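Accompanying notes for the structure given below.
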2 protein chains.
Amino acid sequence: MQANRFSQASAERCRARRLLDRIADKWSLYVIAVLGQGTKRFTELKREVDGISQRMLTVTLRGLERDGLVSRRVYAVMPPHVEYSLTEMGRTLLDRSTALLRWAEEHLDEIDAARASYDDRAKNVRSFD
Amino acid sequence: MQANRFSQASAERCRARRLLDRIADKWSLYVIAVLGQGTKRFTELKREVDGISQRMLTVTLRGLERDGLVSRRVYAVMPPHVEYSLTEMGRTLLDRSTALLRWAEEHLDEIDAARASYDDRAKNVRSFD
DNA sequence: CAGTATCCTAGCCGATACTG
DNA sequence: CAGTATCGGCTAGGATACTG
């Protein structure tokens, strides 16, 4: 055994779970991936993270800013101008999250096929009733 | 610009979101990381994925099985004996998810510090009321 | 041991309205 | 433009009880 490092250090693992709760939510990885393209304004983000509501974009950005993954720069002009970008730590996360997103893209068809097959089997089982 | 591949292919991105909804939930990445250690029985998983309820372990495993990421092997004995393991596709995801978990472990302290600092600044702002 | 089946609730998240 | 504030539906997910 001893397959990977994750198998040890249960205390660390418990701490890591807290972090996962933070970044493995519905939007964070997505926002980070988009910010990986470079600095963006609020409305740009809203447009590019498709499906996100204004509220959730605000909430997500605040969380990421609080965790030191995103920095927020306000220009005191009218109308307001606010820029978001990844911090250095944010960029280290970017590599990992992009890899995950890419994996998702690459395997979507395979997954869809697996689902169809699974649902088929389930239906056949039920048809024996 | 043209920072990364994720910046293109908005249609792909939209599809990838569906997948993210599936694996970026509270437990899936965690279960996959634990299964990365090797084949496990239901109760073993329940013990090692700390905090998961019986119900959520079942739900999560069914979802992963349906998506072709985990395979389930039942031995027709009494008491029941069921083994879970990663499929080949599951193992390709493992690398990515482990990288993410590891990142979380490595940056927990930095994040906690960022949070404390952020909350401090917020408190100071409010103290001007 | 490895599940189902119910019930129930905290809180996520979207919709809408308002502001500097 | 870039938010904040409020309300409410919905559902993820926990607790509990039961079974082959």
Side-chain angles (χ1 to χ4, degrees), chain A residues 14 17-18 20-31 34-35 39-67 70-85 118 121-122 125-126 128-129, chain B residues 14 17-32 34-35 39-67 70-85 118 121-122 125-126 128-129:
Chain A
C14 173
R17 157 143 273 321
R18 284 174 34 222
L20 256 195
D21 284 339
R22 175 79 270 288
I23 58 174
D25 62 23
K26 196 173 179 188
W27 299 111
S28 292
L29 284 182
Y30 218 79
V31 168
V34 170
L35 279 177
T39 299
K40 301 270 180 186
R41 298 180 62 171
F42 186 86
T43 309
E44 281 183 284
L45 283 170
K46 175 128 171 44
R47 188 170 41 240
E48 296 185 31
V49 181
D50 30 46
I52 198 168
S53 65
Q54 192 163 21
R55 178 190 140 81
M56 284 320 293
L57 182 55
T58 302
V59 170
T60 303
L61 285 170
R62 285 297 170 279
L64 293 173
E65 189 195 355
R66 178 169 181 255
D67 288 347
V70 161
S71 73
R72 177 172 180 266
R73 181 167 213 153
V74 184
Y75 296 87
V77 295
M78 198 59 192
H81 184 117
V82 181
E83 287 178 354
Y84 293 93
S85 55
Y118 182 93
R121 283 197 302 277
V125 169
R126 225 176 297 123
F128 286 131
D129 292 343
Chain B
C14 173
R17 156 142 276 317
R18 285 175 33 223
L19 223 288
L20 256 195
D21 284 339
R22 173 78 272 288
I23 58 174
D25 63 23
K26 196 174 180 189
W27 298 112
S28 292
L29 285 181
Y30 218 79
V31 167
I32 285 177
V34 170
L35 278 178
T39 298
K40 303 269 179 187
R41 299 180 60 171
F42 187 85
T43 309
E44 282 181 283
L45 282 171
K46 174 128 174 43
R47 188 169 42 242
E48 297 184 30
V49 180
D50 30 47
I52 198 168
S53 65
Q54 193 163 20
R55 178 190 138 82
M56 283 321 293
L57 181 54
T58 302
V59 170
T60 302
L61 285 171
R62 285 298 170 279
L64 293 173
E65 190 195 354
R66 178 168 180 256
D67 288 348
V70 161
S71 72
R72 177 172 180 267
R73 179 166 214 153
V74 183
Y75 296 88
V77 295
M78 197 61 193
H81 184 117
V82 181
E83 287 178 352
Y84 292 93
S85 55
Y118 182 94
R121 283 197 302 276
V125 169
R126 224 176 301 122
F128 285 131
D129 292 344

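Chain A is the first sequence line, chain B the second, and so forth, proteins listed ahead of strands; every chain is numbered from 1. Note that this is a predicted model, so its numbers are computed, not measured.
Among dG3(C), dG3(D), dC1(C), the nucleotide with an atom closest to any side-chain atom of Phe42(B) is dG3(C). In this structure, of dG20(C), dG3(D), dA2(C), it is dG20(C) that holds the atom nearest to the side chain of Pro80(A). Of the listed nucleotides (dG20(C), dC1(C), dA2(D)), dG20(C) has the atom at the smallest distance from the side chain of Met78(A).
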Next on the checklist: Let's go through Asp50(B) and Tyr30(B) carefully: what are the C-alpha distance in whole Å and the side-chain angles of both, what is the deciding distance for side-chain contact (heavy atoms from CB on, under 4.5 Å) to 0.1 Å, and is it a yes or a no?
Outcome noted: CA-CA 10 Å; Asp50(B) 30 47; Tyr30(B) 218 79; 3.6 Å; yes
Next on the checklist: Test side-chain contact (heavy atoms from CB on, under 4.5 Å) on Val59(B) and Met56(B); report intermediate values, then the result.
Outcome noted: CA-CA 5 Å; Val59(B) 170; Met56(B) 283 321 293; 4.3 Å; yes
Item to check | Working for side-chain contact (heavy atoms from CB on, under 4.5 Å), residues Leu35(B) and Leu45(B) | outcome: CA-CA 8 Å; Leu35(B) 278 178; Leu45(B) 282 171; 3.9 Å; yes
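Regarding Arg73(B), its CZ atom lies at a distance of 17 Å from the C1' atom of dA2(C), rounded to whole Å. One can place CG of Leu57(B) at 17 Å from P of dA5(C), the figure rounded to the nearest angstrom. For the pair Arg72(A) CZ and dC1(D) P, the interatomic distance rounds to 16 Å; values are reported in whole Å. The CZ-P distance, from Arg41(B) to dG3(C), rounds to 10 Å in whole Å.
Taken to the nearest 0.5 Å, the CH2 atom of Trp27(A) stands 13.5 Å off from the CG atom of Leu64(A). Here the straight-line distance linking atom OG1 of Thr43(A) with atom CD of Glu48(A) works out to 11.0 Å at 0.5 Å rounding.
Checked for salt-bridge contact, Arg72(A) and Glu83(A) miss the test: no charged N lies under 4.0 Å from a carboxylate O.
Using a 30° and 60° split on the angle between ring planes, Tyr84(A) and Phe42(A) fall in the tilted class, from 30° to 60°.
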Checklist outcome for this item: Taking Watson-Crick and G-U wobble contacts under 3.5 angstrom, with | marking pairs to another strand and [ ] crossing pairs, the secondary structure of DNA chain D is written ||||||||||||||||||||
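Checked by atom type, the side-chain pair Ser85(B)/Ser71(B) shows a donor-acceptor distance below 3.5 Å.
Listed by chain and number, the residues in a salt bridge (charged side-chain N to carboxylate O under 4.0 Å, His left out) with Lys26(B) amount to none (sequence neighbours excluded).
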Close N/O contacts between protein and nucleotides 12-18 of chain C (under 3.5 Å):
{"from": "dG14(C)", "atom 1": "OP2", "to": "Ser53(A)", "atom 2": "OG", "distance (Å)": "3.0"}
{"from": "dG14(C)", "atom 1": "O6", "to": "Arg55(A)", "atom 2": "NE", "distance (Å)": "3.3"}

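OP1 or OP2 of dG3(C) has at least one side-chain nitrogen or oxygen of Tyr84(B) nearer than 4.0 Å.
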